[in-house]
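The structure is given below, and queries will be raised subsequently.
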Amino acid sequence: MRKRIFSGIQPSGKLHIGNYLGAIKNWIGLQDEYDCVWGIVDYHSMTIPYDPEGMEGRVIDCAATYLAAGLDPKKCVLMIQSKVKEHTELTWILNTVTPVSWLERVPTFKDKSKRFKDNINMGLMDYPTLMAADIILYKAHAVPVGEDQLPHLELTREIVRRFNNTFGDLFPEPKAIIQKGALIRGLDGQAKMSKSLNNCLYIDDTPEEIWKKLSVAVTDPQRIRKTDPGDPEVCNLFSLHQLFSTDEQIAYCAEGCRTAGIGCLQCKKILSENIAQELTPIREEKQKLLNNMSYIKDVLTEGIAHSQKIASKTIEEVYEKIGTNYKFMK
Ligand code: AQP
């Protein structure tokens, strides 16, 4: 029996290279080793203000991006969270063992409460409990996550411990799989790249758009003129070079930056070409997929049916543990 993994992305906008490098690209490498369930976690995306009319389009876009980037439905399961009702049902049950104080201290809740002052809703606070339900519904042993999601996963582990201690052992404590690209900063070099911040390079961006954004992106703030030597270690774009460029190009840019041998624009040009080279086939494949909606529908229908089977079995076990498997009703 292969170990199971669950992870997902919320369809809160177009997916960016943080989602690609911190999640999808790593998931591709895990498909052969683990029994993988990849979700489009639409209920998570309702925790900040959103456009209901655009939800369907964003879900389709997310599915097409997963497939175009290389997630293979012959090797993994692709599903939509809201279509397997046990995700929210289990969330309620987990809510009863999750102290409010655990949720109040989550960094994302603190950050988003500041950013969305007019909409500090219960869902925003309860996001990690829904995430815990997403994962343990499939009894996942591991979760590939970016660094930003680590506090959430730690909370999942605490919730699992609480549940198992209260009702008896049922769920494994999922471990984090942290891989390359664990934290991609926005092009302003400040916060992490986020769909809800205007700081993204999207997986869909054309070579022209990539160049337009990179040409004005923040580098080493101390390097004002081309003749100033810079420090690649503090340059946000250098960290992207390490994920997109060859060893020779990385060495060339690092040396050129330190000695002021090359300017930031030269360095950005190399990076821009490499990113475009990696993203263009994905963008083109995605376009083809979007013209073949019946295929996307079939993949998701099959994935949802598969997920449903696992979820139904787990929730029956949960009923048994929590005392709601009423024999007199049988
Ligand atoms: N900047 C990032 N660097 C590395 N990994 C990232 N991930 C997201 N942003 C980065 C990884 O993508 C997966 C799912 O992310 P998500 O979109 O569901 O949630 P999010 O992190 O809240 O994404 P955004 O873009 O910040 O969305 P908004 O702005 O709508 O809240 C996770 O594995 C995550 O680590």
Side-chain angles (χ1 to χ4, degrees), residues 5-30 36-51 54-55 58-59 61-63 65-66 69 71 78-82 87 106-116 119-121 123-128 130-132 134-135 140 142-156 174-204 217 236-237 239-240 242-244 275:
I5 277 182
F6 178 93
S7 195
I9 296 182
Q10 46 170 340
S12 47
K14 284 201 296 179
L15 305 196
H16 50 70
I17 61 164
N19 297 128
Y20 174 63
L21 298 165
I24 305 171
K25 196 172 175 186
N26 295 325
W27 297 355
I28 295 164
L30 297 167
C36 300
V37 182
W38 309 123
I40 298 170
V41 289
D42 45 352
Y43 277 158
H44 282 282
S45 68
M46 292 176 63
T47 55
I48 56 173
Y50 78 105
D51 161 32
M55 183 68 103
R58 290 190 299 274
V59 168
D61 194 85
C62 188
T65 308
Y66 280 3
L71 297 183
L78 302 185
M79 56 85 65
I80 304 172
Q81 179 192 40
S82 63
H87 284 256
V106 172
T108 320
F109 174 63
K110 290 188 195 158
D111 166 52
K112 287 195 170 162
S113 305
K114 278 189 210 133
R115 277 163 56 200
F116 302 100
N119 187 18
I120 307 176
N121 61 77
L124 190 59
M125 189 170 178
D126 208 26
Y127 183 113
L130 177 57
M131 180 171 153
D134 296 338
I135 297 165
V143 185
V145 284
E147 250 172 48
D148 58 309
Q149 296 286 335
L150 271 179
H152 293 166
L153 190 62
E154 195 40 50
L155 203 56
T156 296
K175 293 190 172 49
I177 303 179
I178 293 277
Q179 294 177 305
K180 264 184 157 185
L183 184 65
I184 306 298
R185 294 198 171 277
L187 295 177
D188 53 5
Q190 302 289 316
K192 78 160 189 156
M193 190 171 285
S194 268
K195 293 182 230 89
S196 56
L197 296 170
N198 187 20
N199 65 359
C200 299
L201 206 55
Y202 297 106
I203 300 175
D204 260 4
N236 188 34
L237 295 191
S239 57
L240 289 181
Q242 287 166 319
L243 295 160
F244 284 103
I275 295 179

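Numbering of ligands and ligand atoms starts at 1, following listing order.
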(request) Pick one of side chain, backbone, both or neither for how H44 approaches ligand 1, counting any non-hydrogen atom pair under 4.0 Å. (result)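 Near ligand 1, H44 shows nothing, with every heavy atom at 4.0 Å or more.
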
(message) On a heavy-atom basis, which atom in S194 and which in C200 lie closest, and how many Å separate them?
(response) O-SG, 3.0 Å

(request) Under 4.0 Å, heavy atoms only, figure out whether ligand 1 is touched by the backbone of S194, its side chain, both or neither. (result) both

(request) Using a strict cut-off of 4.0 Å, indicate which atoms of ligand 1 neighbour a heavy atom of A23. (result) 12 (O), 13 (C), 33 (O)

(request) With heavy atoms of L183 as the reference, note each atom of ligand 1 found under 4.0 Å away. (result) 3 (N), 4 (C)

(request) Could you tell me which non-hydrogen atom of G189 sits nearest to which non-hydrogen atom of N236, and how far apart they are? (result) CA-ND2, 3.6 Å

(request) Report, in ascending order of atom number, the atoms of ligand 1 lying under 4.0 Å from any heavy atom of Q149. (result) 19 (O), 21 (O), 32 (C), 34 (C), 35 (O)

(request) Identify the heavy atoms of A69 and I28 that sit nearest to each other, and give their distance. (result)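 Taking every non-hydrogen atom into account, O-CD1, 2.9 Å.
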
(message) Taking 4.0 Å as the limit for heavy-atom contacts, which would you say applies to H16 with ligand 1: side chain only, backbone only, both, or neither?
(response) side chain

(request) Please examine the side chains of L130 and Q81, heavy atoms only from C-beta on, and report whether any two atoms are closer than 4.5 Å. (result)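 Yes, side chains in contact.
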
(message) For the 3.5 Å polar cut-off, considering only N or O atoms, please tell me whether S7 and ligand 1 meet it.
(response)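 N/O-N/O distance under 3.5 Å: no.
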
(request) Could you tell me whether S12 approaches ligand 1 through its side chain, its backbone, both or neither, with non-hydrogen atoms closer than 4.0 Å? (result)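 For S12, only side-chain atoms sit under 4.0 Å from ligand 1.
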
(message) Is any side-chain heavy atom of L243 closer than 4.5 Å to one of I17?
(response) no

(message) If I apply the N/O under 3.5 Å rule, does G18 come out as touching ligand 1?
(response)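 Such a contact does occur with ligand 1.
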
(request) Decide whether an N or O pair under 3.5 Å exists between P144 and ligand 1. (result) no

(message) Under a 4.0 angstrom heavy-atom cut-off, which atoms of ligand 1 come close to Q10?
(response) 16 (P), 17 (O), 18 (O), 19 (O), 20 (P), 22 (O), 27 (O), 28 (P), 30 (O), 31 (O)

(request) Quick one: sort the H87 and F6 rings into parallel, tilted or perpendicular, breaks at 30° and 60°. (result) tilted

(request) Say whether R115, considering both its backbone and side-chain N or O atoms, lies within less than 3.5 Å of an N or O atom on ligand 1. (result) no

(message) Are N199 and H16 packed together at the side-chain level, in the sense that at least one heavy-atom pair is separated by less than 4.5 angstrom?
(response) no

(request) Return the orientation label for the W27 and Y66 ring planes: parallel under 30°, perpendicular over 60°, tilted otherwise. (result)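 Rings of W27 and Y66: perpendicular, as their planes differ by over 60°.
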
(request) Please report the shortest heavy-atom distance between D42 and M55, naming the atom on each side. (result)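 Closest approach of D42 to M55, heavy atoms only: O-CE, 3.7 Å.
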
(message) At less than 4.0 angstrom from any non-hydrogen atom of K112, what atoms of ligand 1 do you find?
(response) 22 (O), 28 (P), 31 (O)

(request) Report, in ascending order of atom number, the atoms of ligand 1 lying under 4.0 Å from any heavy atom of G22. (result)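 With G22 as reference, the close atoms of ligand 1 come out as 4 (C), 5 (N).
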
(message) Please tell me whether S196 and R115 have a donor and an acceptor in their side chains that are separated by less than 3.5 angstrom.
(response)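 Yes - a donor-acceptor pair under 3.5 Å links their side chains.
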
(message) So, regarding I184 and ligand 1 (criterion: nitrogen or oxygen to nitrogen or oxygen, under 3.5 Å), is there a contact or not?
(response) yes

(request) Can you sort out which atoms of ligand 1 are near K192, meaning under 4.0 Å from one of its heavy atoms? (result)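 Taking each heavy atom of K192 in turn, ligand 1 has 1 (N), 8 (C), 9 (N), 20 (P), 21 (O), 22 (O), 23 (O), 26 (O) under 4.0 Å.
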
(message) For atom 12 (O) of ligand 1, which of the options V143, N19, N199, L153 provides the nearest non-hydrogen atom?
(response)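 Residue with the shortest heavy-atom distance to the ligand atom: N19.
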
(message) Measuring only between side-chain heavy atoms, which start at C-beta, is N198 closer than 4.5 Å to D188?
(response) no

(request) Give the atoms of ligand 1, by number and element, whose distance to some non-hydrogen atom of G8 is under 4.0 Å. (result) 14 (C)

